[in-house]
Amino acid sequence: MKKIEKVSIQHPEQPQILLGGITPGQFLANYWQKKPLLIRGAIPDFKGLLSPDELAGLACEEDVQSRLVSYVRGKWKLENGAFDEVRFSKLPKKSWTLLVQSLNHHLPQAADLMQQFDFIPHARLDDLMVSYAPDGGGVGPHFDSYDVFLLQGMGKRLWRVSEQQDLSLVEGAPLRILQNFTTEQEWLLEPGDMLYLPPHVAHWGIAVGECMTYSVGFRAPSMQELATQFFAYLEEHLSVAGVYADPDLKLQKHPAKISKDMVARVTQKLKKIQWGERDVGDFLGCYLSEPKAHIVFDAPNNIDIAEFQQRMEQGGVGLSLKSQALFHGKSFFINGEQLEMPPAYANLLKLLADQRRLSAENIIEHQLAEPSFIESDWVEIFYLWYQAGYIEFS
Ligand code: SIN
Ligand code: CO
């Protein structure tokens, strides 16, 4: 697999080649969630991160989410992986595409590529998807409900884009295909070119010869989903005192009737249940760092805590590819778990979440800056995460 250069977090106000020479601030103000942006040579000399064969290999693995979309005799067909190798030998020459989700969970270079998009908060980043298509292949005209950066890897892809209002879908199709797509703009993307699309902009990518496209996708949970998840979180974390009581109970004509008094009494009590920004922040931290259902963390080498500390202090440590770490206020979240950040190493935890790794120098510098660090329980906490497969040696 090919290497790309490791990236460090860039200054937010520096113009970036990745964004066509504008700063992340300008991008956010003028394009993010607003309008498409075509960037020629966003990653100069980008040839992609893996070959079509390597991608097919990934699509055969059980813990990798993959899809095969084909267009056969006027009908769209969708198959979900994992695939058997022989499936690929039976494919036609044209008009299909293989999509692999969350490449950043499987390939360190893909995680590094995603880090170039650090000007968008980690809480909004979803994953890096990669597609391969022979000539004419693609997933058809559609729209997504999230923002996406479409980075061209190997080969060329023609993107047709439309900001049309009519977003009606073909009924009964196994994937979301627009019934009426009208091309408003058309661009041929070559390796290293990138197209940013806000949510709901209709698009249709057609492979021109063999091609591979990398999509950096963002999270956009519906408000219904957020509310449902928040109330589930509250249910687990809420404690309400008291017992229902009615010392003034009146005789009822209908014993089966729920009286107005009872409804009013419970309404009044329930209205007293309150939550604030801290609860919402804690909920978001747990919910947004929660691994998706299919994710399994790999078991690490069995080493004792002394060896763990030595290796960590010599070579640094990083989040494992499948880990998500966020922080809010005094709370740190890793893979759905919450930790009140001890002041002795809160800054180190924030650095780990921001950079996804800590170098040996980061640890030494922190040791010098924070005298209470050595006596703290940081090694024990990091060792627990190591054993859970959440962090690993870089
Ligand atoms: C693709 O890579 O083929 C599809 C990406 C997209 O349209 O969102
Ligand atoms: Co799309």
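Counting starts at 1 for both ligands and their atoms, in listed order. If you're wondering where the values come from, they're calculated on a predicted model, not measured in any experiment.
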Under a 4.0 Å N-O cut-off, is there an ion pair linking [X] with [Y]?
X	Y	answer
Asp126	Lys292	yes
Glu290	Arg219	no
Asp84	Lys90	no

Ligand 1 atoms in contact with [X] (distance to a heavy atom under 4.0 Å):
X	value
Ser215	5 (C)
His203	6 (C), 7 (O), 8 (O)
Arg157	3 (O)
Asp144	8 (O)
His142	6 (C), 7 (O), 8 (O)

Looking only at heavy atoms, is any part of [X] under 4.0 Å from ligand 1, and if so is it the side chain, the backbone, or both, or is it neither?
X	result
Leu150	side chain
Phe143	neither
Gln152	neither

Using the ring of each side chain (for Trp, its six-membered ring), is [X] parallel, tilted or perpendicular to [Y], with breaks at 30° and 60°?
X	Y	value
Tyr233	His237	parallel
Trp275	Phe231	perpendicular
Tyr383	Phe308	tilted

Exercise for review: Determine, using heavy atoms of Trp159 and all atoms of ligand 1, whether some pair is separated by less than 4.0 Å.
Suggested key: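 In this structure, Trp159 qualifies as a contact of ligand 1 - some heavy atom is under 4.0 Å.
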Practice item. Search all heavy atoms of Arg176 against all heavy atoms of His142 and return the closest pair with its distance. Key: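 Scanning both residues completely, I find the closest heavy atoms to be O-CB, 3.1 Å.
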Practice item. Indicate whether any N or O donor in one side chain lies under 3.5 Å from an N or O acceptor in the other, for Glu370 and Ser372. Key: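 There is such a pair (donor and acceptor under 3.5 Å, judged by atom type) between the side chains of Glu370 and Ser372.
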Exercise for review: May I ask you to list the protein N, O or S atoms found at less than 2.8 Å from the Co ion (ligand 2)?
Suggested key: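 Result, waters dropped: His142 NE2, Asp144 OD2, His203 NE2.
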Practice item. May I ask you to identify the nearest protein heavy atom to atom 4 (C) of ligand 1, giving residue, atom name and distance to one decimal place in Å? Key: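 Going by distance alone, atom 4 (C) of ligand 1 is nearest to Val139 CG2, 3.9 Å.
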Practice item. Would you mind checking which non-hydrogen protein atom is closest to atom 2 (O) of ligand 1, with the distance to 0.1 Å? Key: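 For atom 2 (O) of ligand 1, the nearest protein heavy atom comes out as Ser131 OG, 2.7 Å.
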Practice item. Please determine if Thr213 has a nitrogen or oxygen closer than 3.5 Å to a nitrogen or oxygen of ligand 1. Key: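 No: no nitrogen or oxygen of Thr213 is under 3.5 Å from one in ligand 1.
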Review point. Tell me, do Met262 and Asp246 make a side-chain contact under 4.5 Å, heavy atoms counted?
Key: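 No, their side chains stay 4.5 Å or more apart.
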Review point. How about Asn335 and Gln324: do any of their side-chain heavy atoms sit closer than 4.5 Å?
Key: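 SC-SC contact between Asn335 and Gln324 confirmed.
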Check your understanding: Taking the six-membered ring where the residue is Trp, are the ring centres of Trp96 and Phe88 under 6.0 Å apart?
Key ->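 No, the ring of Trp96 stays outside the 6.0 Å limit from the ring of Phe88, centre to centre.
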Exercise for review: Flag the pair Phe332 / Trp385 as yes when their ring centroid distance falls below 6.0 Å, and as no otherwise.
Suggested key: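 Yes: the rings meet the under 6.0 Å criterion.
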